[in-house]
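A short write-up of the structure that comes next.
Predicted, not measured: the structure shown is a model, and the values here were computed from it.
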2 protein chains.
Amino acid sequence: MTDIAFYEAFKEESETLARLLPSNVSPFFTWQTIQESGHKLPPAPIISVRTQSEIPLDWADRLSAIITRSTGYDHILDYQQKTGWRVPSAYLPDYAARAVAEHAIMLCQALSRGLLLQLDSFRTFHRDGLSGREMRGRRIAVIGVGRIGSQIVEIASGLGMIPCGVDLNPREDLARRFGLRYMPLEDALALAEIAVCALPLTKLTRGLLALKKLSLMQEGSIFVNVGRGEISPSEDILSLVSEGRFLGVGLDVFDSEKELASVLRDGKNPSEFAPHIQKSVEASIGLMRTKNVILTPHNAFNTEESVERKSADTVGNLLSFIKTGNFISPILRNLEI
Amino acid sequence: MTDIAFYEAFKEESETLARLLPSNVSPFFTWQTIQESGHKLPPAPIISVRTQSEIPLDWADRLSAIITRSTGYDHILDYQQKTGWRVPSAYLPDYAARAVAEHAIMLCQALSRGLLLQLDSFRTFHRDGLSGREMRGRRIAVIGVGRIGSQIVEIASGLGMIPCGVDLNPREDLARRFGLRYMPLEDALALAEIAVCALPLTKLTRGLLALKKLSLMQEGSIFVNVGRGEISPSEDILSLVSEGRFLGVGLDVFDSEKELASVLRDGKNPSEFAPHIQKSVEASIGLMRTKNVILTPHNAFNTEESVERKSADTVGNLLSFIKTGNFISPILRNLEI
């Protein structure tokens, strides 16, 4: 009998999980989401997903536990609310913060220097229009100074940047160590040459960086989102990109990301979705075709180090649950925000 | 009367220079080289060139000074040797160091995270084989810890990397501030997960990182060259890349760079060159077609900030010379190497 089914597990992850699982636990692995797998019933009492699987509501009666191998857990909260909190669930609060922070800074640097344009220009060895910007001395707004954001501040400070932070809970230690100045969102956006969103998705943050707020950013500024796409819809970003607001945009996350993935991965036609989702998917694809926009496939978390940490944290939660009935990092009702 | 004639000055540069010059200095600007200008006599006692003007030998008697607006000064050394060191001259040693250091780190990050592969994978929203590496905790060898290298050490340290340095003149302050460990070249190459060449081209460094030394690097390591291509020939790099030695390679400089540019820019056929140059050019083009190799067109220096500093350093040298008869950064006989 299969003990746990891992959905959305790419090759390196399956291999690492298989290596770390004890021999008395029998796993099933697939890179597919639940809906892509076509499974009508859960293939094991415990399932593990990332963020794109839609867990059927009627599975709630048949599941003994759910582990999301992600730091975001809004999709599980949603499932729990719809099914009445019947299935114990867990998430991974800390495995990828460093990887995401470094990815965000890499995007900022690549956009500041027009790396994609440089690569194109190499083919003709021309340098016209290739003057980039240095990071040193530039103002960076870090929106969401939590596990990820605080490391963005640290790295930015090492690059000689001037960091400002937006967060409900300012940390005095970061202010002292890195000269981080906390300020209201509107002020940070207006001041920054580079803004990085490292927020989790909550009721408060959904749509927080939509058109109205993003419009506060300076002409020629850079916007990077490594938080969640729903905080800053692709349509709004594309609209500002189209009017030339940004020097560059870097996105690792997308609203309607699940649908975007099914279009890009499985060739699904955007017109099959509801109109507002179709628009959002088409905006992301429009951004993909735009100069000095760097899009990565929700991959900021993905380093050798974090894959190892992620698998270790997943197996740790699983074994704890099997042994004690409790997760190390459970998703609880008080996480609802 | 004109005080100084600026040759090879493009629009943006002329404007910046004009803005920075005091009103009592009368400048002449042209985008042309001296030979393109057709000038038979110097239009001013002081001239400023970049690297492509051929200064007539008989101007030596009429010139009071020469400023080359470049970090390289081999063309001025050549002129001085031919004319007997009669004209005080200056160069700009430091205007681009920060830009080059940041470019080097950007290449290291993009290679560590397989950024090009991530961009490709976005088109199918797949993540197989996309696990990158974090910078934190990795060993970086900085070969040549001068103006550029010392800033690479500083940024790498801010990223939590472990820096080791190779240089004839170890700096105690860098060792203290950033935990930089100096060591022999061979040891640094064998130890490093990432090696960055930031050396100038001299008789000592030409060919220093050829096949024999590069072969000391670990399997799966990263090599970046922002110094000079002649230090590490493309043929040798391609040979190691072909046998799978490197996780990634980033080059901003190339041996036979002039010929490579004429092939890429003007469509010249590599077979028109001498056999050893043809091989070198073809190796660079071979690298361009190789996975996780990032090539930029000798553009590391090129930021808004460095363009501004270049003009400021030029004006600083000029005013110092006018006031004291001495340049801030003179080209002296002891620079001959």
Side-chain angles (χ1 to χ4, degrees), chain A residues 8 10-13 16 31 98-99 101-103 105-107 109-110 112-116 118-119 121-127 130-137 151 154-160 252 257 260-266 288 294-300 302-307, chain B residues 12 98-99 101-103 105-110 112-116 118-119 121-137 151 154-160 251-252 254 257 260-267 288 294-300 302-307:
Chain A
E8 307 176 62
F10 57 98
K11 191 162 165 286
E12 293 101 317
E13 196 187 9
T16 311
W31 58 266
R98 181 70 191 188
E102 289 194 8
H103 188 91
I105 290 286
M106 174 187 67
L107 291 180
Q109 289 195 281
S112 293
R113 298 301 286 267
L115 180 60
L116 300 192
Q118 287 200 52
L119 291 171
S121 297
F122 181 83
R123 297 175 185 285
T124 54
F125 221 88
H126 273 290
R127 279 188 295 232
L130 288 193
S131 286
R133 285 193 195 159
E134 292 168 22
M135 303 292 275
R136 185 173 64 178
Q151 299 197 56
E154 179 182 337
I155 299 167
S157 160
L159 273 160
D252 188 53
E257 189 171 297
L260 174 65
S262 76
V263 168
L264 294 172
R265 190 189 293 153
D266 311 320
M288 179 170 85
I294 299 184
L295 308 185
T296 52
H298 204 147
N299 194 61
N302 191 358
T303 60
E304 294 168 10
E305 289 88 340
S306 69
V307 167
Chain B
E12 202 184 346
R98 181 72 191 186
E102 289 195 6
H103 188 90
I105 289 287
M106 174 187 66
L107 291 180
C108 294
Q109 290 195 280
S112 292
R113 298 301 286 267
L115 180 60
L116 300 191
Q118 287 200 52
L119 292 171
S121 296
F122 182 83
R123 297 173 186 284
T124 55
F125 222 89
H126 272 290
R127 280 186 295 235
D128 286 341
L130 289 194
S131 287
R133 285 192 196 161
E134 292 168 23
M135 303 292 275
R136 184 173 65 177
Q151 299 197 55
E154 180 182 336
I155 299 168
S157 161
L159 274 160
L251 304 176
D252 188 54
F254 307 87
E257 191 170 295
L260 174 64
S262 76
V263 168
L264 295 171
R265 191 187 292 151
D266 312 320
M288 180 170 84
I294 299 184
L295 308 184
T296 52
H298 204 148
N299 193 61
N302 192 0
T303 61
E304 295 169 8
E305 288 89 340
S306 68
V307 168

Self-check item: Closest-packed option against chain B by number of heavy-atom pairs under 4.5 Å, given Ala261(A), Ser121(A), Ser306(A), Gly158(A)
Solution: Ala261(A)
Quiz prompt | Expected output: side-chain Arg113(B) to main-chain Thr303(A) donor-acceptor under 3.5 Å | solution = no
Quiz prompt | Choice from Gln109(A), Glu13(A), Glu134(A), Arg98(A) maximising heavy atom contacts with chain B below 4.5 Å | solution = Glu134(A)
Exercise. Any chance you could measure Leu116(B), atom CG, to Leu116(A), atom CG, to the nearest 0.5 Å?
Key: 8.0 Å
Exercise. Return yes if some donor-acceptor pair links the side-chain N/O of Glu154(A) with the main-chain N/O of Gly160(B) below 3.5 Å, else return no.
Key: no
Exercise. Quick one: sort the Phe125(A) and Phe254(B) rings into parallel, tilted or perpendicular, breaks at 30° and 60°.
Key: perpendicular
Quiz item: Among Glu305(B), Gln151(B), Glu304(B), which has the most heavy-atom pairs under 4.5 Å with chain A?
Solution: Glu305(B)
Quiz item: Within a strict 4.5 Å, meaning less than it, do heavy atoms of the Leu159(B) and Leu159(A) side chains meet?
Solution: no
Quiz item: Under the 3.5 angstrom rule, does the side chain of Glu102(A) hit a backbone N or O of Arg136(B) as a donor-acceptor pair?
Solution: yes
Quiz item: Got more than 12 heavy atoms from elsewhere within 6.0 Å of CZ, Arg123(B)?
Solution: no
Practice problem: Using atom types as modelled and distance alone, determine if a side-chain donor or acceptor of Arg127(B) lies under 3.5 Å from a backbone N or O of Asn299(A). | Solution: no
Quiz item: Shortest non-hydrogen contact from Asp128(B) to Phe10(A)?
Solution: OD1-CB, 3.1 Å
Quiz item: Rounded to the nearest 0.5 Å, how far apart are CG of Leu107(B) and CD of Gln118(A)?
Solution: 8.0 Å
Self-check item: Atom pair OG (Ser112(A)) and NE2 (His103(B)), whose distance is rounded to the nearest 0.5 Å
Solution: 13.0 Å
Practice problem: Could you check if a side-chain atom of Met135(A) sits within less than 4.5 angstrom of a side-chain atom of Met106(B), using non-hydrogen atoms only? | Solution: no
Quiz item: How many angstroms lie between atom CG of Leu295(A) and atom CG of Leu119(B), to the nearest 0.5 angstrom?
Solution: 8.0 Å
Practice problem: Considering only heavy atoms and a distance below 4.5 Å, find which of Gly114(B), Pro297(B), Ala99(B) pairs most often with chain A. | Solution: Pro297(B)
Self-check item: Gap between atom CG of Leu130(B) and atom NZ of Lys11(A) - 0.5 Å precision
Solution: 12.0 Å
